[in-house]
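Structure first, commentary second.
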Number of protein chains: 2
Amino acid sequence: MSKSKVVELPVLDADAVVPCCPPITAGELSPADAERMAAMFKALSDPVRLRLFSKVASHAGGEACVCDISDVGVSQPTVSHHLKKLKDAGLLTSERRGTWVYYQVAPSVVAAMSAMLDLRS
Amino acid sequence: MSKSKVVELPVLDADAVVPCCPPITAGELSPADAERMAAMFKALSDPVRLRLFSKVASHAGGEACVCDISDVGVSQPTVSHHLKKLKDAGLLTSERRGTWVYYQVAPSVVAAMSAMLDLRS
DNA sequence: GACAGGCATCGACAGATATCGAAACAGGGA
DNA sequence: TCCCTGTTTCGATATCTGTCGATGCCTGTC
């Protein structure tokens, strides 16, 4: 949004880990940093995604099989679509083990978002 | 999105302060909580809004006049539009003082978002 | 090698969103 | 009171997003 630069989700490739962004009180964000952080927040800006994310995060071991979390009231393709978005944003990683695909949270990325919103300064 | 309940931004009226949401690792979010939190994240999911927010947050005293922060590359009505969204989401509050309107961050709401993403548990 | 189950991708559609210019509104000063 | 400046609201439009059914791909099993 905003500029409609066609960047899809320019965030993090796989797990290039977050050089990103001091607490938001520390100074104004550069446009580039804002773009990256906004993409992460956008990933969590949908109720369905937030529930999927919380299901993974709260699951034993910090990871969950798609089959364990896909009961959120939307169709299977939609679940897959949302998981992909979370993955593209760098918030989740995935791994296939035999028949099933497991998603796990990317702790460093989530921690970066949390730290950015930390108003202590 | 997702359910298209026409709720605009059902978040927080003025400053009814966040009864919301334990760390995301603590268990899966209820649909209602997910809806509320998603609305807050959505407010920060736009680069322009994120920059406006960071400008306010990093400004001396945690507040800033619209005239001080409106240089983000979009038209002035658009700035106003985005500030309104941040305000509706409960992340900012505003106050008119004579000619100018000052926006300030709502610390408790931001802290709640940060806490929710805190993976320590 | 054929089949079944789990998951991802594709194509299409309805509803939501960002953005802008123009116009309305509010305060302050002459 | 009138005008000027700063800010918000309104109406129109192009774009994006969430959702679904159908389909394709990969794995394990028979």
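These numbers were taken from a predicted model, which means no experiment stands behind them. Lettering of chains follows the sequences in order, A, B, ..., and the numbering in each one begins at 1.
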In residues 67-77 of chain B, what donor-acceptor pairs under 3.5 Å come from side-chain atoms, sequence neighbours left out?
{"from": "B/Ser70", "atom 1": "OG", "to": "B/Val66", "atom 2": "O", "distance (Å)": "3.4"}
{"from": "B/Ser75", "atom 1": "OG", "to": "B/Thr78", "atom 2": "OG1", "distance (Å)": "3.0"}

- request: Report the distance from atom CH2 of A/Trp100 to atom P of C/dC7, rounded to the nearest whole Å.
  value: 8 Å
- prompt: Is there a chain of hydrophobic side chains (I, L, V, M, F, W, Y, each step under 4.5 Å between heavy atoms) that links B/Tyr102 to B/Leu52?
  reply: no
query: Which nucleotide sits closest to the side chain of A/His82: C/dA8, C/dT17, D/dT19?
result: D/dT19
Whichever of A/Ser75 and B/Tyr103 has its nearest DNA chain D nucleotide further upstream toward 5': B/Tyr103
query: Has the side chain of A/Ser45 got a donor or acceptor atom that lies under 3.5 Å from a matching backbone atom of B/Ser45?
result: no
field: Nearest-nucleotide pick for B/Cys65, side chain only, options being D/dT7, D/dT19, D/dG18
entry: D/dT7
query: NA contact type, A/Tyr102, heavy-atom cut-off 4.0 Å: base, sugar-phosphate, or nothing?
result: nothing
Length of the CG-C1' vector between B/Asp88 and C/dT17, whole Å: 14 Å
message: Quick one, B/Leu86 and B/Tyr103 - any side-chain contact, counting heavy atoms below 4.5 Å?
response: no
- prompt: Please give, in whole Å, the distance from C/dC20 P to B/Lys84 NZ?
  reply: 18 Å
query: Between D/dT9, D/dG18, C/dC7, which nucleotide gets closest to the side-chain atoms of A/His81?
result: D/dG18
message: From CG of B/Asp68 over to P of D/dG6, roughly how many Å is that when rounded to an integer?
response: 12 Å
- request: Report the distance from atom CD of A/Glu95 to atom C1' of D/dC26, rounded to the nearest whole Å.
  value: 16 Å
field: Distance in angstrom units between B/Leu92 CG and D/dT7 P, rounded
entry: 15 Å
message: Give me the atom names and distance for the closest heavy-atom approach of A/Lys85 to A/Ala43.
response: O-CB, 4.5 Å
message: Counting primed atoms plus P, OP1 and OP2 as sugar-phosphate and everything else as base, spell out the protein contacts along nucleotides 24-30 of chain C at 4.0 Å heavy-atom distance: B, S or - for each nucleotide, 5' to 3'.
response: ---SS--
- request: For the side chain of A/Gln76, starting at C-beta, report the closest nucleotide among D/dT19, C/dA8, D/dT7.
  value: C/dA8
- request: Find out whether B/Met116 and A/Leu44 are in side-chain contact, i.e. whether some heavy atom of one side chain is under 4.5 Å from a heavy atom of the other.
  value: no
Over all atoms of both residues, closest heavy-atom pair of A/Ala26 and B/Ser58: C-CB, 4.4 Å
query: Looking at C/dA18, C/dG21, D/dT19, which one has an atom nearest to any side-chain atom of B/Pro77?
result: C/dG21
message: In whole Å, I'd like the distance from the CG atom of B/Leu83 to the P atom of D/dG6.
response: 16 Å
- prompt: Is the backbone of B/Ala111 close enough, under 3.5 Å, to the side chain of B/Ser114 for a donor and an acceptor to pair up by distance?
  reply: no
query: Are OP1 or OP2 of D/dT8 and a side-chain N or O of B/Ser80 less than 4.0 angstrom apart?
result: yes
query: Which nucleotide, C/dT9, C/dA18, C/dG6, lies nearest any side-chain atom of B/Lys85?
result: C/dA18
message: Whole angstroms only, please: what is the CG-P distance between A/Asp46 and D/dC16?
response: 18 Å
field: Residue B/Val66, side-chain heavy atoms: nucleotide from D/dT8, C/dC7, D/dG21 that is nearest
entry: D/dT8
task: Output the single nucleotide from D/dT19, C/dT17, C/dG21 whose closest atom is nearest the side chain of B/Lys42.
output: C/dT17
